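As structure tokens, the structure follows; a few thoughts come after it.
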2 protein chains.
Amino acid sequence: MDDSSCSEYLPETHEILSSWCHNLQEVNCQLPLIPTNSCYFPTWSQEFSASRSHSEAEKRRRDRINAQLSTLRKLIPTSEKMDKAGLLRSVVEHVKDLKERAKEMSTVLNTPSDIDEVIIEEEDESSNNNNILVKVSFSCDDRPELFSELNRGLKNLKLTTIEANITSLGGRIKCIFSLQSINVVCTTHSLKHSLRVLLARIATSPSTPNFRIKSKRQRFFLLAT
Amino acid sequence: MDDSSCSEYLPETHEILSSWCHNLQEVNCQLPLIPTNSCYFPTWSQEFSASRSHSEAEKRRRDRINAQLSTLRKLIPTSEKMDKAGLLRSVVEHVKDLKERAKEMSTVLNTPSDIDEVIIEEEDESSNNNNILVKVSFSCDDRPELFSELNRGLKNLKLTTIEANITSLGGRIKCIFSLQSINVVCTTHSLKHSLRVLLARIATSPSTPNFRIKSKRQRFFLLAT
DNA sequence: TTACACACGTGATGC
DNA sequence: TGCATCACGTGTGTA
């Protein structure tokens with residue numbers, strides 16, 4: 001459509017129309033206003049042209065937004081056939097998840113610390129019954145016999161491994177265990193003491209002489225925020 | 001505003017208005033159409049009410065989308081004072097970056113993959129003497145009994161663990177072993193076969209019924225290419 | 001003034 | 001039908 005199709009649009013009719021539209025705001029009848037202090041037709045033309053460029057600009061804006069949305073849709077699996085709000089909700093979830101994961105990664109990566117450490121803490125629910133639940137964080141030099149020694153020691157203490165997270169990096173190893181001791185006569189205190197002794201012994205046990213760590217990775221790369 | 005405020009809106013005026021609006025589509029004058037085969041006022045009321053609920057629903061939709069957008073804005077640093085398209089572009093960048101980082105991390109960290117896998121390869125020097133050296137990469141669902149089963153199985157195969165790297169994350173576990181079999185009569189081929197059978201059995205062994213992974217994340221993020 | 005960004009109400013369309 | 005989503009053109013505020 002070009003401007004000439006507006007040539008029959010007379011001032012009177014515009015006034016009538018505007019007046020009606022103004023009185024009936026609920027109809028949301030949107031007419032470009034006609035300035036009263038300038039000649040009529042050029043102004044209408046200008047208004048119309050402005051309106052068109054406005055709508056075109058708005059379309060470009062919408063297209064920019066939708067382009068990013070469809071990019072996001074490709075990045076997030078299982079987001080096909082989701083509406084915009086749903087897609088964005090998934091995006092929020094995934095960003096949160098990725099951030100948490102990255103944080104956890106750096107925690108895990110931090111893990112094999114350079115100094116031997118043994119941290120033992122009881123879980124909250126440990127005092128409720130005769131089951132003792134402890135969480136153990138344990139760092140030392142890595143070596144082949146470590147696992148069998150750990151298994152043997154934990155077995156001797158009648159401890160069951162509920163959960164284990166073991167990371168070995170650069171010749172160091174960090175183990176995080178959730179251990180459970182069921183129906184034992186010893187106290188939590190004595191159990192923790194025995195555990196501490198066991199782990200200290202394992203940590204300071206001499207390494208196999210001919211054991212050489214194969215892959216010494218650059219740890220700083222992993223620790224960047 | 002209630003419907004009574006429309007009481008002066010006469011059919012004639014609506015016709016005139018509709019006619020004008022139809023002839024001047026470029027004005028985008030949007031009136032609810034009046035069906036010709038029903039009484040006038042109720043229909044107008046109904047149309048108006050429908051129109052109002054429509055616009056209200058649309059507002060709710062916009063609000064839902066904008067709520068997610070502002071959540072995203074909080075999640076993405078330096079996205080204040082960005083327009084919607086810019087914000088979404090940052091989100092896309094951020095997600096891509098985080099995914100790449102996670103992928104990198106999982107490569108470096110040997111993060112467990114979502115599919116069970118068993119990769120067995122001989123080390124180069126294995127053919128030189130009667131010692132067989134194999135490197136095993138093994139991924140499966142994590143569970144408490146895994147370690148003891150692995151130890152038992154490897155012991156039965158007369159395999160010594162030279163090096164072990166074990167990572168558990170999100171309910172999955174990945175083990176990388178360097179295993180040595182000294183002075184055995186079996187061939188490398190049969191050893192690898194036995195090993196593969198063992199690991200496949202362990203990987204598909206049913207999990208302890210009451211064992212629940214603590215954090216069940218949407219893991220596909222780490223695996224997306 | 002121009003240019004841009006956002007919210008709004010509406011028609012179209014799919015279930 | 002009614003209810004949901006989307007694209008559209010417009011009014012409005014801001015720089």
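Keep in mind that this is a model prediction, so the values were computed, not measured. Protein chains get the first letters and strands the later ones, always in sequence-line order, with residue 1 at the start of each.
Between C:dC4 and A:Arg61, no contact under 4.0 Å exists linking OP1 or OP2 to a side-chain N or O. Contact between the side-chain N/O atoms of B:Arg64 and the OP1/OP2 oxygens of D:dT5 is found at a separation under 4.0 Å. Applying the 4.0 Å criterion to OP1 and OP2 of D:dC8, one finds that A:Arg62 has a side-chain N or O inside that range. Contact between the side-chain N/O atoms of B:Lys81 and the OP1/OP2 oxygens of C:dA5 is not found at any separation under 4.0 Å. For C:dA7, the OP1/OP2 oxygens have a side-chain nitrogen or oxygen of B:Asn66 closer than 4.0 Å. Within the 4.0 Å cut-off from OP1 or OP2 of C:dC8, not a single side-chain nitrogen or oxygen of B:Ser55 is found.
Salt-bridge formation is detected for the pair A:Glu58/A:Arg61: a Lys NZ or Arg NE/NH1/NH2 atom is positioned less than 4.0 Å from an Asp or Glu carboxylate oxygen. The existence of a salt bridge linking B:Glu149 and B:Arg143 is confirmed by a sub-4.0 Å separation between a basic side-chain nitrogen and an acidic carboxylate oxygen.
Atom pair B:Leu88:CG and C:dC6:C1' shows a separation of 14 Å (rounding to whole Å applied). Per the geometry, NZ belonging to A:Lys84 stands 17 Å off P belonging to D:dA4, to the nearest Å. Nucleotide C:dT10 holds its P atom 11 Å from the CD atom of B:Glu56, rounded to whole Å. Protein atom CZ of A:Arg89 is 11 Å distant from nucleotide atom P of D:dT5, rounded to whole Å.
At a cut-off of 3.5 angstrom, the base of D:dG11 holds at least one donor-acceptor pair with the side chain of A:His54. Put simply, the side chain of A:Glu58 and the base of D:dC8 share no donor and acceptor less than 3.5 Å apart.
Residue order along DNA chain C, read from the 5' end via each residue's closest nucleotide, puts A:Arg60 first among A:Arg60 and B:Asp63. Between B:Ala57 and A:Lys59, it is B:Ala57 whose nearest contact on DNA chain D lies nearer the 5' terminus.
The shortest side-chain heavy-atom distance between A:Met82 and A:Arg73 falls under the 4.5 Å cut-off. Between A:Ile176 and A:Val136 there is no side-chain heavy-atom pair separated by less than 4.5 Å.
The minimum heavy-atom distance linking B:Asn66 with B:Lys84 is given by the pair OD1-NZ, 3.2 Å.
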